[in-house]
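Keep in mind the model is a prediction, meaning the values are calculated, not measured. Quick note: residue numbers are just sequence positions, from 1. For the numbers below, each heavy atom of this structure counts, side chains included, while hydrogens, waters and symmetry mates do not.
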Amino acid sequence: MDPTPKMKPGRRGRALALAAVLAFAISCRTADREPEPPVELPEAFSDTGGATLDSRWWTEFDDPTLDALVEQALTGNFNLLVAWDRLAESQAIARKAGAALTPDLDATAGAGAAATRSLVDTPAGEEVVRDKNANYSLGLVASWEVDVWGRVRAGRDAAAYDAVAAAEDVQATALILSAEIASTWYQLVEQTGRVRILTGQIETNERVLEFLEARFTRGRTGAVDVIQQRQLTESRRGDLTEAKAAMATTRLRLATLLGLPPGKELPEAPEDLVELPPLPETGFPADLVRRRPDVRSAMNGVLAADRRVAAAVADRFPRLTLSASADTSADNVSDLFENWIASIAAGLVAPIIDGGRRSAEVERTEAKARAAVHRYGQAVLEALQEVEAALVAERKQRDLIASLTVQLELARQSMDQLRQNYTNGAVDYLRVLAALESVQRLERTLLFQNRELITARIELNRALAGGFPLERPEGAAGSDEGVQP
């Protein structure tokens with residue numbers, strides 16, 4: 001099916017028979033076929049691995065604490081609960097739209113009383129006569145619009161596609177949430193490791209400072225060397241303060257993602273990052289487009305917009321309604337079922353002059369349909385871009401980490417040699433200080449870049465993953481048990 005609706009309103013003067021055929025054809029269109037992406041898909045991604053990615057992709061890290069955090073977030077995060085509530089709203093709207101295809105049956109009941117006052121001539125003179133009369137009524141009224149042109153069915157189908165899109169939005173929100181939890185958790189692990197590294201660097205700097213102060217008291221080094229070492233030590237203490245503040249901020253962000261207020265107890269983060277599992281198989285771009293919940297939500301938006309165009313076109317043609325009623329009334333309740341009056345009628349309402357309202361509605365829905373197609377195309381492009389960007393980021397990180405590892409080893413060798421030379425009086429302390437600061441900087445940078453590698457893998461897994469089974473949390477609206485991908 002061409003995802004861009006091609007339905008155009010009939011021009012003034014077109015024969016009624018031709019217009020009727022057009023509307024009937026529109027009402028009979030099958031909008032349940034998935035539209036093709038409006039962009040050309042590449043045949044393959046730039047890289048791929050051999051591992052099969054589980055739908056619950058975070059379990060690939062073999063981190064029980066992360067598993068528990070994600071499961072907690074899937075039931076407690078308020079943004080996800082909002083997505084569930086929107087799904088319940090869309091499902092209710094779809095049921096409401098579908099109800100228009102069935103007849104309406106209403107029951108009526110009434111009771112009334114009337115009193116009269118009159119003067120009557122009697123042998124004794126005029127007398128006032130008062131009379132009270134009661135009246136009771138029952139009735140049934142049925143009405144039904146015969147959906148000749150498919151307007152009601154098209155509206156029902158559009159609402160149903162909106163509900164499917166809302167279900168995909170729940171999946172997309174859960175997928176993004178799982179990635180945010182994983183990224184935040186490993187930021188906390190990295191910051192915990194940074195605190196450990198900085199604590200060790202401060203201890204090293206203090207030992208070096210003691211060594212220099214001892215040399216200074218013996219007159220074997222200058223005061224400048226001692227002052228510079230003190231400055232380096234204080235600089236690391238400042239870094240440690242910042243690292244601890246960042247840890248506190250990250251823990252607050254993690255609690256918010258879990259749906260917890262500040263101060264709630266969270267798991268303690270380890271000091272070492274996890275080892276990455278093998279690179280997952282990226283598969284084909286066409287499979288990714290069919291799997292990604294955000295792309296599928298945009299695709300269902302196209303289908304919903306297509307059906308709304310059909311409903312707008314069908315609204316330009318006559319509406320046929322059938323109605324029936326049965327009524328009874330009596331002065332006594334016991335006599336209500338003695339006499340009935342039944343009627344049946346058919347009505348035809350055809351628009352003649354509406355000031356161009358219906359034509360404008362067709363144009364509006366067609367514009368909305370084109371916008372839906374463009375959103376679908378953008379969602380496809382963003383899905384492809386996210387996979388490629390994550391692949392590039394992981395390759396870059398691996399190369400960078402390999403270079404930093406070599407740099408750190410060379411910096412340590414240089415520092416050891418310079419220390420020996422300084423002890424022997426061959427170099428001044430400034431070169432030793434620069435080498436020490438270089439080693440400590442590379443240690444922190446290497447930890448950070450290793451965490452960035454994990455972040456790149458998280459983004460790759462999220463970009464490749466589809467939906468996974470979700471159970472509706474207790475705090476969410478709706479009644480179905482869950483949403484399946």
Taking the side chain as everything from C-beta on, heavy atoms only, tell me whether [X] gets closer than 4.5 Å to [Y].
X    : Y    : answer
T75  : L80  : no
S414 : L410 : no
V274 : D62  : no
P277 : R457 : yes
F468 : L74  : yes
Q397 : L400 : yes
Q187 : R253 : yes
M299 : E34  : yes

Flag the pair [X] and [Y] as a salt bridge only when some basic side-chain nitrogen lies within less than 4.0 angstrom of an acidic carboxylate oxygen.
X    : Y    : value
E443 : R412 : yes
R86  : E89  : no
R358 : D354 : yes
R308 : E361 : no

Kindly say whether the aromatic ring centers of F61 and Y186 come within a distance under 6.0 Å.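 Ring-ring flag for F61/Y186: true, centres closer than 6.0 Å.
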Are [X] and [Y] close enough that a side-chain donor and a side-chain acceptor fall under 3.5 Å?
X    : Y    : value
D162 : S90  : no
T455 : R451 : yes
W58  : D63  : no
E281 : T52  : no
Q191 : T250 : yes
T321 : W144 : no

Kindly give the heavy-atom pair with the smallest separation between [X] and [Y], and that separation in Å.
X    : Y    : result
L384 : P42  : CD1-CD, 3.8 Å
A94  : A163 : CB-CB, 4.4 Å
D147 : R151 : OD1-N, 2.9 Å
S183 : E459 : OG-OE2, 4.4 Å
L470 : A174 : CD1-CB, 3.7 Å

Decide side-chain contact (heavy atoms from CB on, under 4.5 Å) for L240 and R236; before the verdict, give the C-alpha distance in whole Å, the side-chain angles of both, and the deciding distance to 0.1 Å. CA-CA 6 Å; L240 180 60; R236 293 294 83 81; over 6 Å; no
Filter on side-chain hydrogen bond (donor to acceptor under 3.5 Å, both in side chains), then keep only pairs touching residues 265-274, sequence neighbours left out; what's left?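 Found R196-E271.
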Atom [atom1] of [X] and atom [atom2] of [Y]: how far apart are they, to the nearest 0.5 Å?
X    : Y    : atom1 : atom2 : value
T445 : I401 : OG1   : CD1   : 11.5 Å
D85  : F78  : CG    : CZ    : 11.0 Å
N461 : I454 : CG    : CD1   : 11.5 Å
L175 : E180 : CG    : CD    : 10.5 Å
L232 : Q201 : CG    : CD    : 8.5 Å
S403 : R398 : OG    : CZ    : 15.5 Å

Evaluation steps, side-chain contact (heavy atoms from CB on, under 4.5 Å), between L447 and R194: CA-CA 7 Å; L447 174 64; R194 179 178 290 269; 4.0 Å; yes
Using a 6.0 Å cut-off, check whether atom NZ of K396 has over 12 heavy atoms from anything other than its own residue.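 Atom NZ in K396 is packed in, count exceeds 12.
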Looking only at atom types and distance, does a side-chain atom of [X] sit under 3.5 Å from a main-chain N or O of [Y], one as donor and one as acceptor?
X    : Y    : value
E206 : T233 : no
D106 : V141 : no
Q229 : N205 : yes

